[in-house]
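Source: prediction; values computed, not measured. Every heavy atom of this structure was used, including side-chain atoms; hydrogens, water molecules and symmetry mates were not. Letters A, B, ... are given to chains in the order of the sequence lines, protein chains preceding strands, and every chain is numbered from 1.
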Amino acid sequence: MNLDFSPEDEAFRLEARAFLAEAYPTELRARQERGETLGREDFLSWHHALAKKGWVAPSWPVEFGGTGWTPTQKYIWKDELARIDAVRIMPFGVTMLAPVLFMFGTEAQKQRFLPPIYRGEEWWCQGYSEPGAGSDLANLRTRAERIKGEDGAEYYLVNGQKTWTTYAQYADWGFFLVRTDPDAKPQAGISFLLIDMKTPGVTVRPIVTLDGGREVNDVFLDNVKVPIENRVFEENQGWTVAKALLTHERTDIAGVANSKRALEKLKAIAAAEPSDAGGPLLGDAQFRRKIAELEIDLTALEYTELRMLAEESRGKGPGAESSILKIKGSEIQQRLTELALEAVGANGAADRSEGAHNQPVGPDYARDRAALYFNTRKTTIYGGSNEIQRNIIAKAVLGL
Amino acid sequence: MDFSFTDEQSMLRDTVAAYLADHYTIEQRRAATAEAGWRPQVWRAFAEELGILGAAFPEDLGGLGGGAVENLVIMEAFGKALVVEPYLGTVVIGGGFLKHSDHPRAAELIGRIIAGETVIALAYAEPQGRYNPAAVTTTARRDGAGYVLNGHKAAVAGGPWATHLIVTARTAGGPRDAEGISVFLVEKDAAGLTTTDYAVVDGSRSSEVGLQDVKVGPEALVGPADHGLPLVEKVLDEAIAATCAEACGVQRKLVDGTVEYTRQRRQFGQPISNFQALQHRMADMFVEMEQSVSMTLMATLKLADDAARPAAVAAAKVRVGKACTFVGQSAIQLHGGMGMTDEMAIGHYFKRATLIEQAFGDTAYQLTRYERLAFD
């Protein structure tokens, strides 16, 4: 038992750090520093740089472009990415759909869809939640009927509504859960379809969120024709696929590296902000205590994740214990934004959302603090709400 | 990075667990704590039958070559059985002082510890000092080659069972100065040393210790004269890590016991474990326990790194202490009225968890310490 990084790991860290210093897009860096809202091309510019290096999908099988890194190396990589505030690689294709295709896809589906995902040529979105199917996802109603066309070939005719679809406005393709057998039990009649977002009948409508952002959308599906070969795995077996995907969605949900970086920034803010009594806010006994407790909680989360990574490298896949990472990771992310907003005080109140009458007020670091706080309320809701995670622990771990 | 136990460590854990399953049921413990408090025959079994008292000592001092991880393995197992016998005071603390100092008799004294003959208790706290190990007013005055000790030591855990005390005393400086503290190994039957023994709510025993003109020879000094505080802090950190390991065992029993009880207990025509309000509370207990395990491993593995150790241990104690409170209180709540009874084991785990939260500095104390180490 030891906490040491091997010499190979240390060498890898240096290699990663050198690559990032050289390859991170300068235009993207400048836009981030100006606090601009990032869009499709911004995210893709970084994706393309990583794809060129061969590091965009570390967890994929090596023959498809994975790096073959150990769990420790992946941990180091995330740490280094956070250190430079790299924008995230959109997970929908690389970390959500791709593992599903590796597990359940046909050879033709792999050949067709994986290379453009890797190269960042096709943007994916996720069509899971519906107005009536959130935590109770299996209650989804979007209907896919098997129809025979005039040419004699069969296709699915899809009708329904999906919601909370992140970046659907940028998406070329979406993976959707649809009901193919309305008479079966809820979980038994679902199929997993890949839908071209340019298909007639697909309409995307933005949902404006509390922070003024437009990341999530409603997606309306009105008589959308989908070829049968775009179904992944068996008809009516989509729930199996969905569950596998949710496990992958949970594995990196702890967000330790990013939270460590956010904590550094919070401390810098608290060192720069004045306290009521004079001197830095970081010297204020109450605020200092809040940061100390948060930092300790983050350390506990980090070592919990490291323990699970160690298990993983010994061949044990992520189990229901990953719900711990979701619960604690999301709570810590929220607490970080809450304390940052608290730290900047009244300067945090200026509305910086698009279309607001915004004027630059206060120090740069105060910018976006309220928006981030409001936006981060989502973390305990998405990816299986924290209440659902507690259900999972109760059932799958405690056997209740 | 590796969090796995060696085969030897796994075997040690299994050996201890098997022995305790036979000899340390809650009923056997209850009978013992009602009388002498501990069972010398259990201690002898640790020394002879199990041979575990040497597990954490290096081979050149007569041990089996282990260290902090062996202490963790043993203490976690002891937590599960609520063992009161003074492994912490004797091996972790007494042995810790001896193995970190170049005391001329270290090997001989450690040999006696391993044989089960020497039992040690730590007398560092004082009535006015709360948890601060530098708050020492007990004095050690030079007397020829030796020293004369005077003062009052409080809350000496395992004091009644000890053959020797580790006593911190001031050889120089003012009441809270970091400098001027020295450490002494004192035989408990030394002239002028008096004890008032008392029972502790977790089933263990402690002593108040009076020192009136207690004469000790030069060999009683452990570690450097006047500059003993870093050694005290190092050994206390090792004791905290070991206590965190014990807490992991205690919390595991609190979680498992609560899950089991709620499955048996029926209300409204069904097991109360069916109710989501209770399930979520138990899920939170589980999450807290897992965080305790993570922090205990982290702190244990950083004990040898003197730069990282203090903040790591303080952080672990904070997280484990909070978890002790939450898991303990939740366990009682979910047991309902039965949780309030002395009859059920769960309350005894809660009591131990409660005292662990305080041990060697409670959550507030360790938070302040952490802030000083991490932010200043």
Side-chain angles (χ1 to χ4, degrees), chain A residues 1-6 9 70-73 75-76 267 270-271 280 282-283 285 287-293 295-311 313-314 320-321 323-328 331 386-400, chain B residues 1-6 9 68-69 72 255-256 258-259 262-263 271 273-276 278-288 290-302 304-305 308 311-312 314-320 322-323 363-364 366-368 370-372 374-376:
Chain A
M1 202 177 272
N2 68 79
L3 297 176
D4 305 330
F5 288 109
S6 68
D9 290 335
T70 63
T72 308
Q73 285 174 315
Y75 166 86
I76 290 169
K267 283 176 166 175
L282 194 57
F287 199 78
R288 197 175 148 91
R289 178 125 310 176
K290 289 176 190 173
I291 293 184
E293 291 185 296
E295 184 164 281
I296 290 169
D297 282 350
L298 180 53
T299 305
L301 176 67
E302 180 179 14
Y303 279 88
T304 302
E305 188 182 36
L306 286 170
R307 280 170 61 209
M308 289 186 194
L309 283 175
E311 291 279 293
S313 62
R314 292 195 298 164
E321 285 84 359
S323 291
I324 299 176
L325 303 182
K326 165 73 205 308
I327 292 172
K328 298 312 290 184
E331 288 175 356
N386 285 18
E387 288 70 30
I388 293 292
Q389 303 300 334
R390 290 183 174 91
N391 287 350
I392 292 170
I393 291 174
K395 287 187 174 53
V397 183
L398 302 178
L400 296 171
Chain B
M1 198 165 296
D2 177 13
F3 293 96
S4 55
F5 292 112
T6 62
Q9 288 161 348
V69 176
L72 175 147
V255 172
D256 289 354
T258 304
V259 167
T262 59
R263 292 164 74 143
S273 62
N274 286 359
F275 298 119
Q276 196 177 43
L278 278 69
Q279 289 182 355
H280 282 196
R281 183 82 166 248
M282 287 186 270
D284 286 338
M285 291 166 70
F286 173 78
V287 171
E288 288 283 305
E290 286 294 327
Q291 308 292 290
S292 295
V293 173
S294 302
M295 289 300 263
T296 299
L297 289 171
M298 183 277 295
T300 301
L301 296 176
K302 287 191 174 177
D305 177 351
K317 185 62 176 32
V318 168
R319 193 85 273 304
V320 170
K322 285 183 181 181
T363 302
Q366 295 294 348
L367 264 169
T368 304
Y370 181 83
E371 290 164 9
R372 209 173 54 236
F375 300 161
D376 287 347

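- For the set B/L278, B/V259, B/D2, the entry with the most heavy-atom pairs within less than 4.5 Å of chain A is B/D2.
- Top candidate by heavy-atom pairs under 4.5 Å with chain B, chosen from A/D297, A/I327, A/L301, is A/D297.
- For a residue to count as touching a neighbouring chain, one of its non-hydrogen atoms must lie under 4.5 Å from one of that chain's; by this rule A/E302 does not touch chain B.
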Side-chain donor-acceptor contacts of residues 393-400 of chain A below 3.5 Å, not counting sequence neighbours, with atom names and distances?
none

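- In this model, a donor atom of one side chain and an acceptor atom of the other lie less than 3.5 Å apart for A/T304 and B/S294.
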Could you walk me through whether B/E288 and B/R319 pass the salt bridge (charged side-chain N to carboxylate O under 4.0 Å, His left out) test, one step at a time? CA-CA 8 Å; B/E288 288 283 305; B/R319 193 85 273 304; 3.3 Å; yes
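- To the nearest 0.5 Å, atom CD of residue B/Q279 and atom CZ of residue B/R281 are 14.0 Å apart.
- Interface remark: A/N2 contributes backbone and side-chain atoms alike to the contact with chain B (heavy atom separation under 4.5 Å).
- At a 4.5 Å heavy-atom cutoff, the contact between B/T368 and chain A is made by backbone and side-chain atoms alike.
- Residue with the most contacts toward chain A among B/M295, B/E371, B/K302: B/E371 (heavy-atom pairs, distance under 4.5 Å).
- At a 4.5 Å heavy-atom cutoff, A/D9 makes no contact with chain B through either its backbone or its side chain.
- Note that the CZ atom of A/R307 and the OH atom of A/Y303 stand 12.5 Å from one another [nearest 0.5 Å].
- For B/A311, no part sits under 4.5 Å from any heavy atom of chain A, backbone or side chain.
- With rounding to the nearest 0.5 Å, the separation of OG1 in B/T296 from NZ in B/K317 is 11.0 Å.
- Interface remark: B/L297 contributes side-chain atoms only to the contact with chain A (heavy atom separation under 4.5 Å).
- With a 4.5 angstrom heavy-atom cutoff, A/A292 touches chain B via backbone and side-chain atoms both.
- For the atom pair A/R390 CZ and A/K326 NZ, the distance stands at 9.5 Å (nearest 0.5 Å).
- Contacts with chain A were tallied for B/T6, B/V293, B/D256, B/V69; B/V293 has the most, counting heavy-atom pairs under 4.5 Å.
- Residue contact with chain A, scored on non-hydrogen atoms closer than 4.5 Å, involves the side chain of B/Q276 exclusively.
- For A/I291, the parts lying under 4.5 angstrom from a heavy atom of chain B are both the backbone and the side chain.
- Looking at B/F3, the atoms closer than 4.5 Å to chain A (heavy atoms on both sides) sit in the backbone and in the side chain alike.
- Note: B/L367 CG to A/E295 CD = 11.0 Å, rounded to the nearest 0.5 Å.
- A/T72 OG1 to A/L306 CG: the interatomic distance, rounded to the nearest 0.5 Å, is 8.0 Å.
- At a 4.5 Å heavy-atom cutoff, B/Q366 makes no contact with chain A through either its backbone or its side chain.
- Of the atoms belonging to B/Y370, it is side-chain heavy atoms, and not backbone ones, that fall under 4.5 Å from chain A.
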Starting from the C-alpha separation in whole Å, work towards a yes-or-no answer on side chain to side chain contact (heavy atoms under 4.5 Å, CB included) for A/E293 and A/R289. CA-CA 6 Å; A/E293 291 185 296; A/R289 178 125 310 176; 3.9 Å; yes
